[in-house]
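So the structure is just underneath, and the comments pick up after that.
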Amino acid sequence: MKVLGIETSCDETGVAIYDLRQGLISHALYSQVNLHREYGGVVPELASRDHVRKLLPLIVQVLQEADLTRASAAGEGGIAGVAYTSGPGLLGALLVGASVARSLAYAWGIPAVGVHHMEAHLLATGLEDLAPDYPFVALLVSGGHTMLVEVSALGEYEILGETLDDAAGEAFDKTAKLLGLPYPGGPAIAKLAESGREGRFRFPRPMLDKGGLNFSFSGLKTAVVNRVRELDLDAQTRADIARAFQEAVVDTLVHKCVKAMRSTGFNDLVVAGGVGANRQLRECLAEGMDALGVRVQYPRPELCTDNGAMVAYAGCLRLSQGQTDEMSIEARARWRLDELAPPPQSYGDS
Ligand code: KG4
Ligand code: ZN
């Protein structure tokens, strides 16, 4: 069963084809970062317009890479379903992907399914060899979300903790802006932090020993703002701040992961979302989880950030277990992960 996946929730146009037997067949991504860079962040209207421009050419490219044409895609052995990100995200941007996906499914006479963006992120390790079995804990760290989730099965998610204010990626992006670094801030801070000196600054680790498994990053941002105001921002100082900021975020994330693994007793931790590409986080988590005997897994870096492959994969799992959505197009700017349910055929399994 081949599923075409379409991701347009933010500033990346992602398209992919996933096959239940063969795995990931083709995927393509167009990033809008250069478009948004001069504004220092994503401009929703510009994002929607660019998805409109890029989506169909990417679909054609992905079909070609899968040896499919417009005609053969609709036939035997062609595309059996279309999955699209239906939320959460920028509404206009989501509607571009949803409209194109729904229309293609109608034209091809096949089902379509709307996928939750964070479910797609947390399942993305399934695209790799040696994916963990359920149950596992997922740390989702992206530009819009930071949460720890207990994953019991497809569609069975309990949010163990989440950020009460800024997401981890958002904190990276805002701090980068303060330091005069380009958007997106995460990779820029990580690079600058490499030349930062240890110990010159120490920023707070908010809610480390309170708030259970919840996070808060806005106090950290304020601490950085205050520091930046009182200092002469020469190149070395900026690098020192970047290093101390990254250390504070990484420390907090690792600390909460340790707590989550202890409280669930699970042996597998999956990390996904853009901040999961951070090298420092990976090194520190490896150390922390090793000590607990917990296996940590990530999707390959290109599948940590937004992409069409994770949407094709999550959609394929749901379609192959009997889920199909109505003809009406659905897109939701806000959508909690724990509102999801398992697909129909998994009820009564086992
Ligand atoms: O998952 P993602 O691509 O999009 C959302 O769904 O938000 O995550 C994007 C976020 C941005 O905030 C970006 O700054 C951050 O992930 N990011 C990183 C790194 N690469 C991307 N943060 C820290 N270190 C990185 N290497
Ligand atoms: Zn994302």
Side-chain angles (χ1 to χ4, degrees), residues 1-33 47 50-70 72-74 77-87 89 93-94 96-105 107-108 110-129 131 142 154 270 272-274 276-277 298-321 323 325 331:
M1 179 187 203
K2 287 189 182 63
V3 171
L4 176 72
I6 294 176
E7 155 65 34
T8 62
S9 68
C10 191
D11 60 345
E12 251 110 28
T13 319
V15 182
I17 297 172
Y18 179 83
D19 182 273
L20 211 46
R21 269 185 310 115
Q22 298 173 59
L24 187 60
I25 294 180
S26 56
H27 74 118
L29 186 78
Y30 176 79
S31 170
Q32 302 176 352
V33 280
D50 213 43
H51 286 309
V52 171
R53 274 192 287 270
K54 296 294 179 340
L55 188 50
L56 274 172
L58 280 185
I59 291 172
V60 172
Q61 181 188 329
V62 160
L63 288 174
Q64 274 170 356
E65 282 167 15
D67 289 328
L68 290 168
T69 61
R70 188 165 61 89
S72 65
I79 303 295
V82 184
Y84 60 94
T85 304
S86 56
L94 289 165
V96 176
S99 312
V100 171
R102 249 279 138 245
S103 309
L104 275 177
W108 286 338
I110 54 176
V113 68
V115 168
H116 190 293
H117 182 80
M118 300 314 290
E119 174 176 70
H121 269 306
L122 76 78
L123 294 173
T125 42
L127 288 159
E128 310 296 355
D129 298 336
S142 70
L154 177 65
V270 160
Y298 307 83
R300 70 196 90 151
E302 75 203 85
L303 301 183
C304 268
T305 46
D306 291 350
N307 64 85
M310 65 183 192
V311 178
Y313 177 66
C316 188
L317 294 185
R318 286 192 168 272
L319 284 162
S320 64
Q321 291 181 51
Q323 183 173 336
D325 290 355

### Task
Could you go through the side-chain contact (heavy atoms from CB on, under 4.5 Å) check for Leu29 and Glu302 one step at a time?
CA-CA 10 Å; Leu29 186 78; Glu302 75 203 85; over 6 Å; no
### Task
Take Glu119 and Arg318, measure what side-chain contact (heavy atoms from CB on, under 4.5 Å) needs, and give me the verdict at the end.
CA-CA 11 Å; Glu119 174 176 70; Arg318 286 192 168 272; 2.8 Å; yes
### Query
Checking side-chain contact (heavy atoms from CB on, under 4.5 Å) for the pair Val311/His117: CA distance, chi angles, key distance, verdict?
CA-CA 7 Å; Val311 178; His117 182 80; 5.6 Å; no
### Query
Are Gln64 and Val60 close enough, and set up right, to give a side-chain contact (heavy atoms from CB on, under 4.5 Å), and what steps lead you there?
CA-CA 6 Å; Gln64 274 170 356; Val60 172; 4.0 Å; yes
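Judged as a ring pair (Phe, Tyr, Trp, His ring centres under 6.0 Å), and not counting sequence neighbours, His51 has no contacts.
Remark: the backbone N or O of Gln323 is not paired with any side-chain donor or acceptor of Asp325 at under 3.5 angstrom. For the pair Thr13 (side chain) and Thr8 (backbone), a donor-acceptor distance under 3.5 Å is absent.
Among pairs with a residue in residues 4-16, none fulfils salt bridge (charged side-chain N to carboxylate O under 4.0 Å, His left out), at least two apart in sequence or across chains.
The two residues Gly126 and Tyr313 come nearest to each other via the heavy atoms CA-OH, 3.5 Å. Between Met118 and Ser142, the closest heavy-atom pair is CE-OG, 4.0 Å. In this structure, Ala120 and Val115 approach most closely via the heavy-atom pair CB-CG1, 4.0 Å. Of all the heavy atoms in Cys10 and Ala47, the pair that sits closest is O-CB, 3.7 Å. A pairwise comparison of heavy atoms in Gly78 and Lys2 identifies O-CB, 3.5 Å as the closest pair. The minimum heavy-atom distance between Ala101 and Val82, with the atom names listed, is CB-CG1, 3.6 Å.
Trp108 has its side chain within reach of Leu4: a pair of non-hydrogen atoms, C-beta onward, lies under 4.5 Å apart. With contacts defined as side-chain heavy-atom distances shorter than 4.5 Å, the pair Leu127/Tyr18 qualifies. Between Leu94 and Thr85 the shortest side-chain heavy-atom distance falls below 4.5 Å.
If you take SG on Cys316 and CG on Leu123, they are separated by 11.5 Å, rounding to the nearest 0.5 Å. To the nearest 0.5 Å, the span separating CG on Leu24 from CD on Gln22 amounts to 10.5 Å. Note that the OG atom of Ser86 and the CZ atom of Arg102 stand 11.0 Å from one another [nearest 0.5 Å]. The line from CG of Leu104 to CD1 of Ile79 is 9.5 Å long, rounded to the nearest 0.5 Å. Atoms CE and OG1, from Met310 and Thr305 in turn, are 8.5 Å apart once rounded to the nearest 0.5 Å. Atom CG of Leu319 sits about 10.0 Å away from atom CD of Gln321, to the nearest 0.5 Å.
Annotation: Arg70, atom CZ; neighbour count of heavy atoms from other residues, nucleotides and ligands within 6.0 Å does not exceed 12.
Exactly one residue among Leu58, Asn307, Val100, Leu56 makes a side-chain contact (heavy atoms from CB on, under 4.5 Å) with Val15. That residue is Leu58.
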